Amino acid sequence: MDNIKKVKEDVWGVALSLLVERLPSHAINTWFAPIVPISINREKIGLSVPSQFFSEWIESHYGDQLLSAVRAALKSDQGAYRLIVAKEKKTIEDNKPAFKPRKKPKENRTNKNYVFKNFIEGSNNEFAKNAALAVANSPGEARFNPLIVYGGVGLGKTHLLHAIGNKVLEIKPSSNVVLVTSEQFTLDFVNSLRKNKTIEFTKTYRTADVLLIDDIQFFRGKEQTQEQFFHTFNELYQSGRQIVMTSDRFPSEMKGLQDRLISRFQSGLSVDVQPPDFEIRVAILLEKSEQNGLNLKYDAIEFIARHVKNNIRDLEGAIIRILAKSSLMNKEIDFNLIRDVVQERVGSSYLSEVTIEDVVKKVSSLTQIKEKDIIGKSRKMEIAEARQLSMFLCRNIIGTSLSNIGFYFGGRDHSTVIHAVKSIHKKQVKDSRLQNQINLIKNEFSFLTYGLNQKF
Ligand code: ADP
Ligand code: MG
């Protein structure tokens, strides 16, 4: 063993033992154990670290401790260290890598069913789709880097993310597309620490040509992971690699995310996806039923679209459920089956679309009594009855509260409403005309008046 080598090792040995006293063992094992001293003079020691990431991490987390340990070991107040990123393992003497790097690039995890071709575009998502498409066609362009797609659940964020990955691979199959959820990223990171495989982790993520991270809201409050992500982000970004992220909210509204991450995110483009409007829901249902080999009449499609409104996942779910129900129970797909499925999915909000006004309108058209009379003060018998009928129906169909009904019908108090409901209830038993009216309106509302009062 030559002299210099011995000195290097001794000095580093002293510094390391000081660090061992001062730092938790996981830090030593993860960050300091892989270090190899490679050069030394009176005032400076050169330390080889496995990657740029190691270097950044050590500097930002342990720089001060390392410096003071090195100074103590060199016995010099002016002492310093230099971290040198090992280019090739071979050049570092005796450095046994803690793991074997994978030969093959990590298999990308894009879902081949999520492509641009089957992503239905509408005013709610066209901006997001076009931005995603632009990114897929030329990843890494500064204008769109990073791209953040944000919005509520089931609105197509994950679909777009995978579509980008798939398109990039279609255009250039050799691209290294890394697609993970933020949870997977966190898990990979934590495991790499635990198993001493940080280099592998770094390799996986920092060699990506396109890094696609789903649901970054789960980074919230995970400081270490954010730190790690920050470094990954910077490295990729600086070398012009594309990053795309999805999130449930606008980046600056993400509490628990470090400001510097947020400000990095804002250097690119954020696009939102909105809930689909009626026409888009119809288009999606048509597409999804075709995809699933389900032949639904337009009326049925429209009925579902009227009720299942919040997101696309639910629309898709409704189609699948209809299929499942009819085949499992060997039932024909008729209105009842569809209504059941819709009701299952939207629950009590099934009829929430109907308002007091709708009810009054219906009563008015059936009885030929003007709406303003129905809600007015007239005591004329047929008008009073139409009014009572309306109150009864509001209570029965929409379940409006007594006071709300009273308020709508000219500020009457709730006892008036109770009285109205009771008297119609009683009357209908004997009065078949009234009973008919009630059934007719109830029926229409159960089909929700959307031209569905016939079987599909
Ligand atoms: P998010 O990630 O926003 O919660 P997803 O991307 O998982 O939503 O979408 C939920 C489901 O709806 C997926 O099956 C997806 O294919 C489908 N979907 C969402 N948006 C569209 C769209 N515009 N066109 C076709 N399918 C869509
Ligand atoms: Mg998603």
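Treat the numbers as computed from the prediction; the structure is a model and nothing was measured. Just follow the structure's listing: the first ligand is 1, and inside any ligand the first atom is 1.
- Side chains of H159 and N113: a donor-acceptor N/O pair is absent below 3.5 angstrom, by distance only.
- Taking 4.0 Å as the cut-off between side-chain N and carboxylate O, E227 and K222 do not count as a salt-bridged pair.
- The side-chain heavy atoms of R412 and M391, taken from C-beta on, include a pair separated by under 4.5 Å.
- Checked by atom type, the side-chain pair Q274/D272 shows a donor-acceptor distance below 3.5 Å.
- With respect to F219, the ring pair (Phe, Tyr, Trp, His ring centres under 6.0 Å) criterion is satisfied by exactly one of F230, F265, F229: F229.
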Run the side-chain donor-acceptor check on residues 319-326: report pairs under 3.5 Å with partners two or more places apart or on a different chain.
| from | atom 1 | to | atom 2 | distance (Å) |
| --- | --- | --- | --- | --- |
| R321 | NE | E344 | OE1 | 2.8 |
| K325 | NZ | E344 | OE2 | 2.6 |
| S326 | OG | L323 | O | 3.2 |

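- Using modelled atom types and a 3.5 Å distance limit, the side chains of D188 and Q184 yield a donor-acceptor pair.
- Around ligand 1 you find Y114, N118, F119, I120, N125, G152, V153, G154, L155, G156, K157, T158, H159, K288, I312, R313, E316, each with a heavy-atom distance below 4.0 Å.
- Protein atoms of type N, O or S found under 2.8 Å from the Mg ion (ligand 2) total 1.
- Using the six-membered ring where Trp is involved, F185 and Y205 have ring planes that are perpendicular, over 60° apart on the 30 and 60° scheme.
- Under the salt bridge (Lys or Arg N to Asp or Glu O under 4.0 Å) criterion, R143 pairs with E141, not counting sequence neighbours.
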